[in-house]
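Written out below as structure tokens is the structure these notes cover.
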There are 2 protein chains.
Amino acid sequence: MKADFRALKQELRQRIVQGIWPPGTLLPNEVDLAAEFSCARATVNRAMRELAEEGLVERKRKAGTRVRQAPLRQARFSIPLVRQEIEAQGAAYRYALVRREEQDAPDWLRARLGLGLGARVLHLICMHYADGNPYQLEDRWINLEALPDAAGADFAATGPNEWLVEAVPFSDAEISFSALAADPETARYLSCTAGDALFMAERSTWWEEQAITYVRLKFQRGYRMTTRY
Amino acid sequence: MKADFRALKQELRQRIVQGIWPPGTLLPNEVDLAAEFSCARATVNRAMRELAEEGLVERKRKAGTRVRQAPLRQARFSIPLVRQEIEAQGAAYRYALVRREEQDAPDWLRARLGLGLGARVLHLICMHYADGNPYQLEDRWINLEALPDAAGADFAATGPNEWLVEAVPFSDAEISFSALAADPETARYLSCTAGDALFMAERSTWWEEQAITYVRLKFQRGYRMTTRY
DNA sequence: AAGTGGTCTAGACCACATT
DNA sequence: ATGTGGTCTAGACCACTTA
């Protein structure tokens, strides 16, 4: 029974999923599986390694490979740029800059991003529309110490998101999702009622240990973030 | 310069992140990189493959490997069992069954899960507490055709989640997150005010193409789901 | 002390997409 | 037709963990 690593992985997955190897089972070692499937150990290793990455099995040297008791449930979300998200739905994208202000970083922001006293930031409020309907309210703070160029950038035509991707393409981020009630101003922008439940994403971004930006994205009522796993 | 695949990956990542290889750049091919780093091509392949999985580069046969224009933003969330999530915070976990009813599946549920006319389901409402405080309201529907055993199970002591993990350990799922306003009954259970903005997760689960369960998880006010990427 | 997975090597063949 | 990544092989050595 010759097998490439995909077929092998699929076969092992079947044995686990269908209960032939129930949770807790110790799987045969790599050498034995290589013999059973007439392939090299490296091939078995690749298949098993990927199953481990997916959370289906747990591997330990000397202890061997076991089927996980509680399957590790993990989901992957892709986080597109708003423009792409909207255009992917076949809707027309429109952007508007609502407010733009250079100021001292408020205390909560300095704490969150680890900025020093008297740090200057650029505060932007922007709207993103899909087919003319409010889609997302973007409340963004950019660390001017890390990105002095931002002070000279005009965000009237292009959103800060796309500007930032150009300026700092690769970075580390912490993201979180929550629900919040719309305050009156947000409600006006998103054409909803004050107190409406909105989905919010927050993201803090760093590059080389230096804080770049913090943003709150408040979505239209009824927004859902979906994935499969 | 000898290198294991981790060191190699880190070095390549640095060149990308620091702008030595800006977005769009065509990277050297695997053979050349293997020569530069004095290692086997398989080692280069592993490093590059992982960078591709992370969305940093894009690989095509014959075309070579390029730095992605827009970094693929994707985040991974682990989806723990409520009990584990609560106990991981150092809080005491308590579970309570609120309601339990066997009934015909309502139309919206049949549509969502693809059930036939007259399908029977078990409807459960449960509460999960952390240190005595309401943490999560679980509104669950189980397809009795797929899991007849559920009818005989007593969910008074153990939550359906843990029972299901035993009965159907590995499955496919679709999950989505959204915000909703608390209805009066939900508000009573979660000790909040009707209309409060709550974070909700919904999950539909299948096993071998057959619908198993649909669940709505409404979280305490202020709940945040966080990750890094 | 011994068994397991983790990784590397050198070579090979193949599939694919571009030229 | 050609160059690139994708994968497999057979062998080797090592690192970690448990018995």
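Proteins get letters first, then strands, A, B, ... in listed order; numbering begins at 1 in each. Model, not experiment: these values are computed from the prediction.
- The distance from atom CG of B:Asp4 to atom P of D:dC13 is 19 Å, rounded to the nearest whole Å.
- Taking a 4.0 Å limit (strictly below) on heavy-atom distances, residues 24-33 of chain A does not reach DNA chain D anywhere.
- You'll find that the side chain of A:Arg61 is closest to C:dG5, out of D:dG5, C:dG5, C:dT7.
- Between B:Phe177 and A:Phe177, the distance separating the two ring centers is not shorter than 6.0 angstrom.
- Side-chain nitrogen and oxygen atoms of B:Thr65 include at least one within less than 4.0 Å of the OP1 or OP2 phosphate oxygen of D:dG5.
- Atom CG of A:Leu8 and atom C1' of D:dT9 are 15 Å apart (whole Å).
- Classification of A:Arg15 and A:Glu36 as a salt-bridged pair holds, one side-chain N sitting under 4.0 Å from a carboxylate O.
- Judged by the 6.0 Å distance and 45° axis criteria, B:Arg94 is positioned over the aromatic ring of B:Tyr129.
- In this structure, A:Arg46 satisfies the cation-pi test against A:Phe5, with its NZ or CZ atom closer than 6.0 Å to the six-membered ring centre and inside 45 degrees of the ring normal.
- Looking at B:Tyr135 and B:Glu85, their side chains do bring a donor and an acceptor atom within 3.5 Å of each other.
- The NZ-P distance, from A:Lys60 to C:dG6, rounds to 12 Å in whole Å.
- Inspection of the B:Gln74 and B:Tyr229 side chains reveals no N or O donor paired with an N or O acceptor under 3.5 Å.
- Using a 4.0 Å cutoff on non-hydrogen atoms, the parts of residues 40-49 of chain B near DNA chain C are B:Ala40, B:Arg41, B:Ala42, B:Thr43, B:Arg46, ordered by number.
- Between B:Phe77 and A:Phe77, the angle of the ring planes goes over 60°, which puts this pair in the perpendicular group of the 30/60° scheme.
- Distance, A:Leu51 CG to C:dG5 P: 13 Å, rounded to whole Å.
- With rounding to whole Å, B:Arg59 atom CZ is found 16 Å from C:dC16 atom P.
- One can place NZ of B:Lys9 at 14 Å from C1' of C:dT7, the figure rounded to the nearest angstrom.
- One interatomic measurement links the two molecules: CD of B:Glu58 to P of D:dT4, which rounds to 17 Å at whole-angstrom precision.
- A residue-by-residue look at A:Phe5 and B:Gly64 shows that B:Gly64 has its nearest nucleotide of DNA chain D further toward the 5' end.
- Residues A:Arg140 and A:Thr213 come closest through the heavy atom pair NH1-OG1, 3.1 Å.
- Judged by distance alone, the side chains of A:Arg66 and A:Thr25 never bring a donor and an acceptor atom under 3.5 Å apart.
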